[in-house]
Amino acid sequence: MNSMRLPMITTRAFSTAALCAVLTLAAALPEQAQAHAVVTESSLRTTPIPVGKATEVILYFNSGIELALSRVYLVSAGDVYQPVEINNGKKPGEMLIHLPALAEGDYAIKYKVFAADGHLTEDVLRFHVAPKR
């Protein structure tokens, strides 16, 4: 009887192969599987904030966010924090921020959001309010 010999896999080779398989699978997962909600786009980049008019800012995140667990503040001169109203946008990962009428000057939006998977992301977006030219 002719027996076939199978190659013996060492523990090290098996571990390396398993690690490669896990990394390949992780790279193939959709963006929603990432651990943090990161702003990928903002209406602040494309739409200036007008002087003296309440405005809506849209933040686009790379994953869904838990709005009920998230907080957003308008930060003005002197490090004054004012909570602002937030709502879900039309798509998952969109957040609508309702800003009050603002005078000319420098401001920031400070946000703490929870990604749909429960990870906290915190950041600050700075912007300037100026009259139209």
Quick test of your reading: applying ring-ring contact (aromatic ring centres under 6.0 Å, His included), list the pairs with at least one residue in residues 39-70, sequence neighbours left out, ordered by first then second residue.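 As it turns out, the ring-ring contact (aromatic ring centres under 6.0 Å, His included) pairs with a partner in residues 39-70, which skip direct neighbours, are F61-Y111.
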
In terms of ring plane angle, is the pair H36 and H119 parallel, tilted or perpendicular, where the classes change at 30° and 60°? perpendicular

Minimum heavy-atom distance S63-A115, with the two atoms named: OG-CB, 3.9 Å

I need the minimum non-hydrogen distance between V57 and S42, along with the two atoms involved. CG1-OG, 4.4 Å

Do [X] and [Y] come close enough that some side-chain heavy atom pair is under 4.5 Å?
{"X": "V51", "Y": "K53", "answer": "no"}
{"X": "V113", "Y": "L120", "answer": "no"}
{"X": "I58", "Y": "E41", "answer": "no"}
{"X": "V84", "Y": "Y73", "answer": "no"}
{"X": "V72", "Y": "I109", "answer": "yes"}
{"X": "K110", "Y": "E122", "answer": "yes"}

Point-to-point distance, once rounded to the nearest 0.5 Å, from [atom1] of [X] to [atom2] of [Y]:
{"X": "L67", "Y": "I86", "atom1": "CG", "atom2": "CD1", "answer": "4.0 Å"}
{"X": "E56", "Y": "I49", "atom1": "CD", "atom2": "CD1", "answer": "10.5 Å"}
{"X": "S76", "Y": "L102", "atom1": "OG", "atom2": "CG", "answer": "8.5 Å"}
{"X": "D123", "Y": "K112", "atom1": "CG", "atom2": "NZ", "answer": "12.5 Å"}
{"X": "T55", "Y": "F127", "atom1": "OG1", "atom2": "CZ", "answer": "8.5 Å"}
{"X": "I97", "Y": "S43", "atom1": "CD1", "atom2": "OG", "answer": "8.0 Å"}

Hydrophobic clusters here meaning ILVMFWY residues chained together by side-chain heavy-atom distances under 4.5 Å, can you tell me if L96 and V39 are in one? no

Determine yes or no for a side-chain-to-main-chain donor-acceptor pair under 3.5 angstrom, with T40 supplying the side chain and V38 the backbone.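 Side chain of T40 to backbone of V38, a donor-acceptor pair under 3.5 Å: no, none is there.
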
Residues V75, V124; criterion side-chain contact (heavy atoms from CB on, under 4.5 Å); working and verdict: CA-CA 9 Å; V75 185; V124 175; 6.0 Å; no

Which pairs with one or both residues in residues 77-105 pass side chain to side chain donor-acceptor pair (under 3.5 Å), sequence neighbours excluded?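 Found N87-H98.
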
Between I65 and F114, is the side-chain contact (heavy atoms from CB on, under 4.5 Å) condition met? List the steps. CA-CA 6 Å; I65 52 174; F114 278 86; over 6 Å; no

